[in-house]
There are 2 protein chains.
Amino acid sequence: MSENLKLENQVCFPIYNLAKEVIGQYRPILAELDLTYSQYLVMLVLWEKGEQNVSEIGSQLNLDSGTLTPLLKRLELKKLIERKRKASDERVVSITLTKEGKEKQALAECIPTKIAEALNISTEDLIELKTLVEKIVTQINKTK
Amino acid sequence: MSENLKLENQVCFPIYNLAKEVIGQYRPILAELDLTYSQYLVMLVLWEKGEQNVSEIGSQLNLDSGTLTPLLKRLELKKLIERKRKASDERVVSITLTKEGKEKQALAECIPTKIAEALNISTEDLIELKTLVEKIVTQINKTK
DNA sequence: AACAATTAAATTGCGCACAACTTAATTGTG
DNA sequence: CACAATTAAGTTGTGCGCAATTTAATTGTT
């Protein structure tokens with residue numbers, strides 16, 4: 001067969017695999033906080049920025065309302081956030097952290113360290129990877 | 001807030017994003033072949049290796065029967081593959097390409113080139129990324 | 001041979017991720 | 001002011017991805 005359709009020559013397969021692998025490393029660690037990886041990302045945004053509406057969260061995480069609405073409802077069900085429509089613009093749903101949601105941040109502090117250990121990579125490789133990946137993402141978005 | 005929980009300092013977020021981005025680039029191209037990215041990966045394995053059973057496909061793609069069984073049923077529905085239990089061991093389901101499935105390979109030949117164009121990255125960056133990503137995946141799997 | 005242990009797929013259930021569409025509120029324009 | 005256009009979020013439907021469990025066949029052990 002032609003070389004370019006061989007699995008080992010695919011560039012995107014390792015990326016797809018790495019992403020799954022990395023999220024798999026997060027899974028048991030985040031499970032202790034009763035969070036999924038995507039939920040954790042939303043919490044990171046809220047811990048850092050405070051009150052945000054759905055589309056603001058979406059633009060930072062590259063997720064649309066089809067993904068976020070049910071996810072946010074689950075976070076609300078866990079009493080970590082509140083969803084409330086803005087009086088100034090009833091179309092906009094404002095997301096705020098509850099007391100419990102804010103408190104969860106302290107428990108999350110150790111996660112980056114735990115992940116770094118689990119991934120078992122040197123800081124240099126990690127930075128190199130991050131730089132390269134971001135460069136490529138920027139490159140891709142340039143063409144849009 | 002503590003620096004290590006800032007979104008921009010997360011290493012895994014860019015990886016997760018890149019994987020989504022890359023699969024997003026495949027989507028319209030594969031849609032012309034009526035395939036999803038995961039289905040394409042399965043087809044790659046079959047085009048390269050010929051007849052394979054479910055767990056052989058799974059170990060190459062890091063997917064379990066919970067993912068593969070319904071996916072393979074969809075490929076069967078599209079008449080691209082056949083699923084048949086082996087006479088020698090009735091537990092094993094053997095997957096073979098149909099005529100139509102084999103013919104699809106010719107249509108797929110152009111995909112790697114199209115993706116490389118869509119990603120808009122230099123071959124050097126692509127190889128560097130692949131090497132680094134594979135190194136890290138190997139590293140992670142070492143600890144298991 | 002009998003039966004416990006193992007193995008391969010399938011099933012069930014949950015949570016994304018995204019396309020396409022809907023609903024409702026707001027804004028812009030004649 | 002009226003109404004078309006736009007915007008924000010929600011809804012619906014499809015397809016993974018994975019954990020946990022089930023089913024059925026095979027293998028190992030006594």
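All figures in this text were calculated on a predicted structure; none of them were measured in a lab. In the text below, chain A, chain B and the rest are named by the order of the sequence lines, each starting its count at 1. Side chains are part of it too, since the values below use all heavy atoms of this structure and drop only hydrogens, waters and symmetry mates.
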Check this one for me: any side-chain N or O of [X] less than 4.0 Å away from OP1 or OP2 of [N]?
| X | N | answer |
| --- | --- | --- |
| B:Asn53 | C:dA9 | yes |
| A:Ser38 | C:dA17 | yes |
| A:Thr67 | C:dA17 | no |
| A:Tyr16 | D:dC16 | no |
| B:Arg83 | C:dA10 | yes |
| B:Lys20 | C:dC18 | yes |

Rounding to an integer number of Å, can you tell me how far [X] [atom1] sits from [N] [atom2]?
| X | N | atom1 | atom2 | answer |
| --- | --- | --- | --- | --- |
| A:Leu75 | C:dG15 | CG | P | 11 Å |
| B:Arg91 | D:dT23 | CZ | C1' | 12 Å |
| B:Lys86 | D:dA25 | NZ | P | 17 Å |
| B:Asp34 | D:dG15 | CG | C1' | 13 Å |
| A:Ile23 | D:dC18 | CD1 | C1' | 12 Å |
| A:Leu71 | C:dC18 | CG | P | 13 Å |
| B:Asn62 | D:dC16 | CG | P | 16 Å |
| B:Leu72 | C:dT11 | CG | P | 12 Å |

Problem set entry | Mutual orientation of the aromatic rings belonging to A:Tyr37 and A:Tyr26 [parallel < 30°, tilted 30-60°, perpendicular > 60°] |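 Rings of A:Tyr37 and A:Tyr26: tilted, 30 to 60°.
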
Closest to the [X] side chain: [options]?
| X | options | answer |
| --- | --- | --- |
| B:Glu90 | D:dG15, D:dA25, D:dC18 | D:dA25 |
| B:Arg74 | C:dG15, D:dC18, D:dC16 | D:dC16 |
| A:Asp89 | C:dT26, D:dG17, C:dA10 | C:dT26 |
| A:Lys73 | C:dA9, D:dT11, C:dA24 | D:dT11 |
| A:Arg27 | D:dC18, C:dT11, D:dA9 | D:dC18 |

For this session: Kindly give the heavy-atom pair with the smallest separation between A:Ile115 and B:Cys12, and that separation in Å.
Result: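 Scanning both residues completely, I find the closest heavy atoms to be CG2-SG, 4.1 Å.
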
Exercise. If you take all heavy atoms of A:Val133 and B:Pro14, which pair is closest and at what distance?
Worked result: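 So the two residues come closest at CG1-O, 3.3 Å.
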
Exercise. Between A:Leu63 and A:Ala87, who's closer to the 5' end of DNA chain C by nearest nucleotide?
Worked result: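 The residue closer to the strand's 5' end, by nearest nucleotide, is A:Leu63.
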
Exercise. Has the side chain of A:Thr36 got a donor or acceptor atom sitting under 3.5 Å from an opposite partner on the base of C:dG15?
Worked result: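 Per atom types, no contact qualifies.
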
Problem set entry | Presence of donor-acceptor pair under 3.5 Å, side chain of A:Ser65 and base of D:dA8 |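 Answer no: no donor N or O sits under 3.5 Å from an acceptor.
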
Exercise. Quick one: do A:Val137 and A:Leu41 end up in the same hydrophobic cluster if we chain Ile, Leu, Val, Met, Phe, Trp and Tyr together by side-chain heavy atoms under 4.5 Å apart?
Worked result: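 Hydrophobic grouping puts A:Val137 with A:Leu41.
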
Exercise. In the single-linkage hydrophobic clustering (I, L, V, M, F, W, Y; side-chain heavy atoms under 4.5 Å), do B:Leu80 and B:Leu107 co-cluster?
Worked result: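 The answer is yes; both residues are in one hydrophobic cluster.
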
For this session: Show your reasoning for whether salt bridge (charged side-chain N to carboxylate O under 4.0 Å, His left out) applies to B:Glu100 and B:Lys79.
Result: CA-CA 7 Å; B:Glu100 208 176 324; B:Lys79 314 270 186 216; over 6 Å; no

Problem set entry | Contact nearer the 5' end of DNA chain D, comparing A:Glu56 with B:Tyr37 |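 Per heavy-atom nearest nucleotide, the more 5' residue is A:Glu56.
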
